[in-house]
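Okay, structure first, notes after.
In each ligand, atom 1 is the first atom listed, and ligand 1 is the first ligand listed.
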Amino acid sequence: MTAARVKSRAELRRERRRRAHGCWDHLLIAPLWPKHGVNLGTLLRTCDAVGACMVVPRRPWIPDALAHGNTLRKPQCVHWIQGRPEHWLERQRTNSAIVGVELTDESIRLADLPTAQRRTVIVLGHETTGIPPEGLELLDVAVEIPMIGTGNSLNVAVAGSLVLYKIAGLC
Ligand SMILES: C[S@@+](CC[C@H](N)C(=O)[O-])C[C@H]1O[C@@H](n2cnc3c(N)ncnc32)[C@H](O)[C@@H]1O
């Protein structure tokens with residue numbers, strides 16, 4: 001690379017995306033059994049970057065966690081669900097593909113996950129226990145991110161962000 005001028009983040013942002021997206025309701029990332037607020041904030045930034053919405057259960061601590069994590073200081077597209085997460089997920093099956101992000105015997109590899117062609121809900125698991133059995137039953141497909149290290153799993157916000165980028169067709 002020669003002496004190219006390094007552009008400021010503000011310049012790059014103006015050139016690449018001129019306005020904040022609204023709620024397109026096309027890609028929805030659903031950490032339905034969340035434990036750590038910091039992961040929700042991280043996911044919210046990825047949602048903004050790829051044009052996705054987030055779906056979270058109504059729990060007293062979540063609004064604060066999202067406000068804290070929303071470093072973009074702009075309104076984000078967040079859907080709140082009442083009641084049991086599995087019931088909400090069941091209802092989505094009428095008009096959406098349901099993709100679970102989880103290590104299972106039947107999971108496809110991230111590289112084989114196609115770009116979403118229809119409204120898609122991407123389900124993430126609990127930080128300690130993963131997607132519960134009643135959630136796994138409602139998936140159309142599960143996707144896993146291959147790992148070659150010694151850890152058992154990735155951080156849930158990292159896993160969700162990788163899948164969001166792939167399914168949005170941005171990488
Ligand atoms: C920390 S992991 C849960 C690990 C839990 N001990 C288990 O065995 O299910 C939290 C969530 O991150 C996602 N995740 C983490 N690593 C992943 C991977 N390599 N492939 C797919 N999903 C992953 C899944 O949604 C998982 O439910």
Side-chain angles (χ1 to χ4, degrees), residues 25-66 68-71 76-93 96-171:
D25 198 44
H26 171 61
L27 289 179
L28 297 94
I29 189 97
L32 296 178
W33 303 272
K35 181 179 173 191
H36 298 305
V38 66
N39 290 328
L40 298 181
T42 302
L43 281 166
L44 206 51
R45 293 195 67 163
T46 307
C47 285
D48 175 73
V50 305
C53 300
M54 183 186 283
V55 183
V56 281
R58 269 199 195 282
R59 304 228 178 114
W61 59 272
I62 292 185
D64 276 352
L66 290 178
H68 189 68
N70 182 12
T71 50
Q76 305 286 300
C77 177
V78 178
H79 299 229
W80 298 91
I81 60 169
Q82 303 276 12
R84 292 181 65 88
E86 312 82 69
H87 295 168
W88 175 84
L89 200 52
E90 174 106 57
R91 291 196 296 279
Q92 305 313 302
R93 288 167 61 85
S96 308
I98 313 291
V99 175
V101 181
E102 196 57 274
L103 293 145
T104 77
D105 288 343
E106 297 169 23
S107 296
I108 64 167
R109 293 161 57 94
L110 180 61
D112 296 326
L113 181 69
T115 302
Q117 299 297 322
R118 56 188 288 228
R119 185 178 190 267
T120 301
V121 177
I122 301 137
V123 182
L124 296 171
H126 180 273
E127 279 90 332
T128 309
T129 54
I131 300 177
E134 58 273 25
L136 290 174
E137 281 173 16
L138 297 169
L139 305 179
D140 293 316
V141 67
V143 58
E144 73 172 64
I145 301 148
M147 300 183 300
I148 58 170
T150 54
N152 291 329
S153 62
L154 295 166
N155 167 274
V156 68
V158 170
S161 296
L162 288 168
V163 171
L164 268 175
Y165 261 92
K166 183 72 168 62
I167 209 162
L170 292 176
C171 70

Could you list the residues that satisfy side-chain hydrogen bond (donor to acceptor under 3.5 Å, both in side chains) with Thr120, not counting sequence neighbours?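 Counting only residues at least two positions away or on another chain, Thr120 forms no side-chain hydrogen bond (donor to acceptor under 3.5 Å, both in side chains).
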Under the side-chain hydrogen bond (donor to acceptor under 3.5 Å, both in side chains) test, residues paired with Thr115 that sit two or more places apart: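 Residues passing side-chain hydrogen bond (donor to acceptor under 3.5 Å, both in side chains) with Thr115: none at all.
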List ligand 1's nitrogen or oxygen atoms that come under 3.5 Å of a protein nitrogen or oxygen, with the partner atom and distance.
residue: ligand 1; atom: 6 (N); partner: Thr128; partner atom: O; Å: 2.9
residue: ligand 1; atom: 16 (N); partner: Leu154; partner atom: N; Å: 2.8
residue: ligand 1; atom: 19 (N); partner: Ile145; partner atom: O; Å: 2.9
residue: ligand 1; atom: 20 (N); partner: Ile145; partner atom: N; Å: 2.9
residue: ligand 1; atom: 25 (O); partner: Val101; partner atom: O; Å: 2.5
residue: ligand 1; atom: 25 (O); partner: Gly125; partner atom: N; Å: 3.0
residue: ligand 1; atom: 27 (O); partner: Glu102; partner atom: OE1; Å: 3.4
residue: ligand 1; atom: 27 (O); partner: Glu102; partner atom: OE2; Å: 2.7
residue: ligand 1; atom: 27 (O); partner: Gly125; partner atom: N; Å: 3.4

Between CD1 on residue Ile29 and SG on residue Cys77, distance to nearest 0.5 Å: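 Answer rounded to 0.5 Å: 13.0 Å.
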When you look at CG of Asp112, are more than 12 heavy atoms from neighbouring residues, nucleotides or ligands closer to it than 6.0 Å?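 Yes, because the 6.0 Å sphere around CG of Asp112 holds more than 12 heavy atoms from other groups.
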Give a yes or no on this: more than 12 heavy atoms of other residues, nucleotides or ligands lie within 6.0 Å of atom CZ of Arg84.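 Counting other residues, nucleotides and ligands, CZ of Arg84 stays at 12 neighbours or fewer.
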Acceptor/donor pairs from residues 32-44 side chains to any protein atom, 3.5 angstrom cut, sequence neighbours excluded:
residue: Lys35; atom: NZ; partner: Thr128; partner atom: OG1; Å: 2.7
residue: Asn39; atom: OD1; partner: Asn155; partner atom: ND2; Å: 3.0
residue: Asn39; atom: ND2; partner: Glu127; partner atom: OE2; Å: 2.8
residue: Thr42; atom: OG1; partner: Val38; partner atom: O; Å: 3.0

